[in-house]
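Here the structure comes first, spelled out in structure tokens, and everything after it is commentary.
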Amino acid sequence: MSHPLQSRFASVALAGLLATSSTAALAPMAYASPVGGYGDLVAKLSPSVVYIEVEEKGQPNAQMQLPPGFPKDELEKRFGPLFPDHTPDQGPMHALGTGFVYSKDGLIITNNHVIDGADKITVKLADGKSYDATVKGSDPLTDIALLKIDGVDDLSPVTMGDSDKARVGDDVLAIGNPFGLGGTVTSGIVSAVKRDIHSGPYDDYIQTDASINKGNSGGPLFDDKGDVIGMNTAIFSQSGGSVGIGFAVPSDLISKVAGDLARSGSIARGWLGVQIGPMSQDVANVLGYSEPKGAVIESVQDGSPASKAGMQSNDIVTKVQGQAIADPQALQRAIANQDPSSKTELTVLRKGKEITLDVTLGKLPSKQT
């Protein structure tokens with residue numbers, strides 16, 4: 001299966017979603033641009049990468065969903081089979097993905113889209129052993145899922161790196177299960193950071209040219225020290241194969257979401273209670289900016305944390321906790337990354353004057369983003 005992301009890109013396909021239906025501490029030293037290759041580093045990292053097989057129950061062929069009372073039997077007696085190429089029941093559908101070890105006792109991180117809708121999940125370790133897995137928790141908004149396998153206590157967890165320090169041009173390695181081949185390593189560089197590909201409200205992807213293909217979804221993107229700085233999630237492609245533009249969920253986000261899922265099985269996000277939009281170029285010109293920045297408050301929900309703090313329509317949020325806000329997506333991420341009930345300081349432009357608002361955040365309702 002493959003799932004194109006619905007965005008302004010012509011074809012952004014989910015990187016690994018699941019092929020076709022038939023089918024510890026790490027060394028602190030850096031392995032920068034090794035002349036002899038990445039063999040030593042890959043040998044250390046491979047035990048931390050797992051391969052995931054998902055089984056979904058087959059669905060009846062759509063052609064057979066006939067309206068009540070349709071005289072199918074009578075028509076077939078007279079004219080033969082209505083759907084001669086139809087097989088009444090598809091067998092179980094199998095799909096493949098990748099994941100990586102989060103804890104010694106069997107917590108595994110992967111993409112939510114890899115396991116979404118699964119009836120059975122099997123995790124295969126690098127040593128060939130397979131285990132049934134259960135979903136500890138998942139977060140569709142960030143495409144992160146946490147699995148649990150039992151009967152293990154000596155796995156080799158990855159070291160989570162600081163994705164905020166990733167720079168364009170840094171060396172990276174991807175290890176995964178493309179096309180079900182398993183144990184495939186590709187290398188490249190970070191080709192961009194903080195990419196918004198319009199796949200969800202919290203897009204903040206690391207872009208890489210390391211080859212990512214179907215089956216790589218949920219696999220780790222390592223830096224040259226062997227730390228995970230991202231999880232391979234999507235590719236830009238018109239063919240479904242790698243063209244050197246892949247996207248990884250940053251490790252800073254993974255660490256927060258996986259930590260919440262491990263503790264409670266769910267995600268609690270901060271909530272402001274506003275509708276927001278981008279600044280227009282005309283407004284930017286009036287304010288003396290060379291380009292738009294910040295997030296414009298279009299409306300404030302009654303009784304929301306924003307309302308209680310005195311926020312008004314047409315306010316422009318330029319900073320959260322002293323950190324600059326470039327656009328509405330940046331404000332969404334900044335608020336969602338904070339815990340409900342936490343206090344945060346917003347820097348706001350109101351009628352050309354800068355003011356500070358102290359807001360006690362609420363909890364994001366489950367049906368909102």
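Numbering starts at 1 and runs along the sequence shown. The structure displayed is predicted, hence computed values, not measured ones.
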Q: Decide salt bridge (charged side-chain N to carboxylate O under 4.0 Å, His left out) for D227 and K165; before the verdict, give the C-alpha distance in whole Å, the side-chain angles of both, and the deciding distance to 0.1 Å.
A: CA-CA 12 Å; D227 296 343; K165 295 180 179 178; over 6 Å; no

Q: Given side-chain contact (heavy atoms from CB on, under 4.5 Å), test Q312 with V348 step by step and report yes or no.
A: CA-CA 10 Å; Q312 301 175 8; V348 173; over 6 Å; no

Q: Give the C-alpha distance, both sets of side-chain angles, the deciding distance and a yes or no for side-chain contact (heavy atoms from CB on, under 4.5 Å) between Q329 and D203.
A: CA-CA 8 Å; Q329 290 73 26; D203 281 14; over 6 Å; no

**Q.** side chain to side chain donor-acceptor pair (under 3.5 Å) between D252 and S163, intermediate numbers included
**A.** CA-CA 6 Å; D252 292 351; S163 55; 3.3 Å; yes

Q: Give the intermediate values and the outcome of side-chain contact (heavy atoms from CB on, under 4.5 Å) for residues L147 and V135.
A: CA-CA 5 Å; L147 310 181; V135 179; 4.0 Å; yes

Q. What do the steps show when you test K104 against D153 for salt bridge (charged side-chain N to carboxylate O under 4.0 Å, His left out), and what is the final call?
A. CA-CA 5 Å; K104 294 178 65 174; D153 58 10; over 6 Å; no

Q. Under the side-chain contact (heavy atoms from CB on, under 4.5 Å) criterion, do V49 and F222 qualify, and how do the steps go?
A. CA-CA 11 Å; V49 183; F222 294 102; 4.3 Å; yes

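The shortest heavy-atom contact between I175 and P220 is O-CD, 3.4 Å. Contact detail for F100 and V158: the closest heavy-atom pair is CD1-CG2, 3.7 Å. In plain terms, the two heavy atoms of A309 and V359 that are nearest each other are CB-CG2, 3.6 Å. E56 approaches A118 most closely through the heavy-atom pair CG-CA, 4.1 Å. When all heavy atoms are compared, the tightest approach of V101 to P47 is CG2-O, 4.3 Å. In this structure, A192 and V168 approach most closely via the heavy-atom pair CA-CG2, 3.9 Å.
Remark: I149 CD1 to I121 CD1 distance equals 12.0 Å, nearest 0.5 Å. Put simply, CG on L141 and CD1 on I267 are 9.5 Å apart, with the number rounded to the nearest 0.5 Å. In this structure, the separation between CZ on R167 and CD1 on I229 is 11.0 Å, given to the nearest 0.5 Å. Between K148 atom NZ and D105 atom CG the span is 5.0 Å, to the nearest 0.5 Å. The distance from atom CG of D315 to atom CG of L349, rounded to the nearest 0.5 Å, is 9.0 Å. Note that OH of Y202 and CZ of R269 are 5.0 Å apart. Values are rounded to the nearest 0.5 Å.
Between the side chain of Y51 and the backbone N or O of L181, no donor-acceptor pair lies under 3.5 Å. Without hydrogens or angle criteria, T98 side chain to T110 main chain gives no donor-acceptor distance under 3.5 Å. A distance-only check finds a donor-acceptor pair linking the side chain of T208 to the backbone of I189 [under 3.5 Å]. Between the side chain of S251 and the main chain of M160, no donor-acceptor pair closer than 3.5 Å is present. Distance alone, capped at 3.5 Å, places no donor-acceptor pair between the D260 side chain and the V257 backbone. A distance-only check finds no donor-acceptor pair linking the side chain of S307 to the backbone of S304 [under 3.5 Å]. Put simply, the side chain of T233 gets close to the backbone of M231: a donor and an acceptor are under 3.5 Å apart. Remark: side-chain polar atoms of D143 are paired, donor with acceptor, to backbone N or O of H113 under 3.5 angstrom. A donor-acceptor pair is defined here as one N or O able to donate and one able to accept, closer than 3.5 Å; such a pair exists between the side chain of S48 and the backbone of S156. Side-chain atoms of N337 never come within 3.5 Å of backbone atoms of A334 as a donor-acceptor pair (strictly under, hydrogens ignored).
Taking 4.5 Å as the limit, every side-chain heavy atom of V296 sits out of range of all side-chain heavy atoms of I276. Using a 4.5 Å heavy-atom cutoff, the side chains of S138 and D116 are not in contact. Side-chain contact between L361 and P340 is absent, with no heavy-atom pair separated by less than 4.5 Å. At a threshold of 4.5 Å between non-hydrogen side-chain atoms, the residues T184 and F179 do not count as touching. Using a 4.5 Å heavy-atom threshold, the side chains of Q338 and V320 count as touching. Using a 4.5 Å heavy-atom cutoff, the side chains of K124 and N177 are not in contact. Residues V50 and L155 are not in side-chain contact: their nearest non-hydrogen atoms beyond the backbone lie 4.5 Å or more apart. Here the side chains of I316 and L287 are in contact, with some heavy-atom distance below 4.5 Å.
Linking ILVMFWY residues whenever their side-chain heavy atoms come closer than 4.5 Å, directly or via other members, leaves V193 and I254 in distinct clusters. Hydrophobic clustering, with ILVMFWY side chains joined whenever heavy atoms are under 4.5 angstrom apart, groups L357 together with I335. Cluster annotation: L253 and F247 are assigned to the same hydrophobic cluster (Ile/Leu/Val/Met/Phe/Trp/Tyr, side-chain heavy-atom contacts under 4.5 Å, transitive). Residues L41 and V172 are members of separate hydrophobic clusters, defined by side-chain heavy-atom contacts under 4.5 angstrom among Ile, Leu, Val, Met, Phe, Trp and Tyr. I297 and W271 fall into different hydrophobic clusters, where Ile, Leu, Val, Met, Phe, Trp and Tyr residues are linked whenever their side-chain heavy atoms come under 4.5 Å apart, directly or through other members.
Residue D302 qualifies as open at atom CG: its count of foreign heavy atoms under 6.0 Å is 12 or below.
A salt bridge does not link D196 to R333: none of the charged nitrogens lies less than 4.0 Å from a carboxylate oxygen.
Donor-acceptor pairing under 3.5 Å is lacking for the side chains of S191 and D209.
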